[in-house]
Amino acid sequence: MTTRLELKRVFFEAYDGFADKRYKKLENNQPFIVDDRSRGDHDAQGQLFLWFCMIFAEVLDGDRIRVKLGGGVPQSARVSQWIAEHGGEIEEGHIGYSADFEVSEENLDDLLDLADRVGAIIRGHYDTPAYKYVVPRTQASLLRLHDLLAEVWQ
């Protein structure tokens, strides 16, 4: 069984530290940025583009994390259904949408299903032009998160 500290160490190394780079000690209860953002995802003022889907992970236990999505969260009935089935809900805010849900060792492969549902958005007709960019990036980040957790938990 993986301990909370061990899982945090894995995230710390894989995602280059906590979201707030001022924190260095693994004992801190800080989230990790897991959305694979780069400099090209920021505007001239250094802010993330509004269409960007932010993904954060918070280690709750050695076998459980909370995933938080924000900003340009790709929307579809199937994505909303998945989030609701996993104890979360999508909420509309002033800068896009937000959602959070838990992933555990027991439901890890459900993350693959979410990534597939996100990817399916652009396989058909979609009304949001930014989805051409947002969906593949969000899907890839979810798959990377799954693979990291699978390596640790299995």
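Computed from a predicted structure; not experimentally measured. Numbering of residues begins at 1 and proceeds along the displayed sequence. All values below come from the heavy atoms of this structure, side chains included, with hydrogens, waters and symmetry mates left out.
Using a distance-only test at 3.5 Å, with no hydrogens or angles considered, a donor-acceptor pair links the side chain of Arg117 to the main chain of Arg78. Although no hydrogens or angles enter the test, the distance criterion places a donor-acceptor pair under 3.5 Å between the side chain of Gln139 and the main chain of Ala115.
When side chains are defined from C-beta on, Asp16 counts as touching Lys21, because their heavy atoms get closer than 4.5 Å. Residues Val59 and Phe32 have side chains in contact (heavy-atom distance under 4.5 Å, counting atoms from C-beta outward). Side-chain atoms of Ile33 and Phe11, non-hydrogen and from C-beta on, never get closer than 4.5 Å to each other. Gln75 places none of its side-chain heavy atoms less than 4.5 Å from the side chain of Val79. Inter-residue side-chain proximity for Phe56 and Asp100 is flagged as unmet; no heavy-atom pair is nearer than 4.5 Å. Counting heavy atoms from C-beta on, the side chains of Tyr15 and Leu145 come closer than 4.5 Å.
A salt bridge between Asp35 and Lys68 is absent, with no side-chain N of the basic residue lying under 4.0 Å from a carboxylate O of the acidic one.
The heavy-atom pair separating Leu26 from Phe18 by the smallest distance is CA-CZ, 4.0 Å. Across all non-hydrogen atoms, the minimal contact from Phe101 to Val103 is CE1-CG2, 3.8 Å. The heavy-atom pair separating Asp127 from Pro129 by the smallest distance is O-CD, 3.2 Å. Taking both residues in full, the closest heavy atoms of Pro136 and Tyr133 are given as CD-O, 3.6 Å, listed atom of the first, atom of the second, then distance. Nearest approach of Cys53 to Gly72, heavy atoms of both residues: CB-O, 3.4 Å. Taking every heavy atom of both residues into account, Leu7 and Trp153 meet most closely at CD2-CZ2, 3.9 Å.
Partner of Arg64 under the salt bridge (charged side-chain N to carboxylate O under 4.0 Å, His left out) criterion, out of Glu106, Glu102, Glu105: Glu102 alone.
Annotation: Leu5, atom CG; neighbour count of heavy atoms from other residues, nucleotides and ligands within 6.0 Å is above 12. Within a 6.0 Å sphere centred on CZ of Phe49, other residues, nucleotides and ligands contribute more than 12 heavy atoms. Within 6.0 Å of CD on Glu151 lie no more than 12 heavy atoms contributed by other residues, nucleotides or ligands. Counting heavy-atom neighbours within 6.0 Å of Lys25 NZ, excluding the residue itself, gives a total of 12 or less.
Transitive grouping of hydrophobic side chains (ILVMFWY, heavy atoms separated by less than 4.5 Å) brings Ile122 and Trp82 into a common cluster. Under the 4.5 Å side-chain heavy-atom criterion for Ile, Leu, Val, Met, Phe, Trp and Tyr, Tyr23 and Val10 are members of the same hydrophobic cluster. The same ILVMFWY cluster, assembled from side-chain heavy atoms under 4.5 Å apart, contains both Leu108 and Val118. Linking Ile, Leu, Val, Met, Phe, Trp and Tyr whenever their side-chain heavy atoms come within less than 4.5 Å puts Leu148 and Val34 in one cluster. Residue Tyr97 is grouped with residue Leu114 when hydrophobic side chains (ILVMFWY) are merged at heavy-atom distances under 4.5 angstrom, including chains of intermediate members.
In this structure, Arg137 CZ and Lys132 NZ are separated by 14.5 Å, a value rounded to the nearest 0.5 Å. The structure places NE2 of His146 at 9.0 Å from CG of Asp110, a figure rounded to the nearest 0.5 Å. In this structure, Thr3 OG1 and Arg9 CZ are separated by 8.0 Å, a value rounded to the nearest 0.5 Å. One finds the CZ atom of Arg66 at 12.0 Å from the OG atom of Ser104 (value rounded to the nearest 0.5 Å). Summarising the geometry, atom OG belonging to Ser76 is positioned 8.0 Å from atom OH belonging to Tyr131; distances are rounded to the nearest 0.5 Å. A distance of 10.5 Å separates CG in Asp36 from CG in Leu143, rounded to the nearest 0.5 Å.
If you check the side chains of Asn28 and Arg22, you find no donor sitting under 3.5 Å from an acceptor.
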**OP:** Any chance you could lay out the side chain to side chain contact (heavy atoms under 4.5 Å, CB included) test for Glu27 and Lys8, step after step, and finish with the verdict?
**Re:** CA-CA 9 Å; Glu27 294 78 17; Lys8 282 180 133 184; 5.9 Å; no
Subject >> Test side chain to side chain contact (heavy atoms under 4.5 Å, CB included) applied to Asn29 and Arg4, step by step >> reply: CA-CA 11 Å; Asn29 291 326; Arg4 183 170 186 253; 2.4 Å; yes
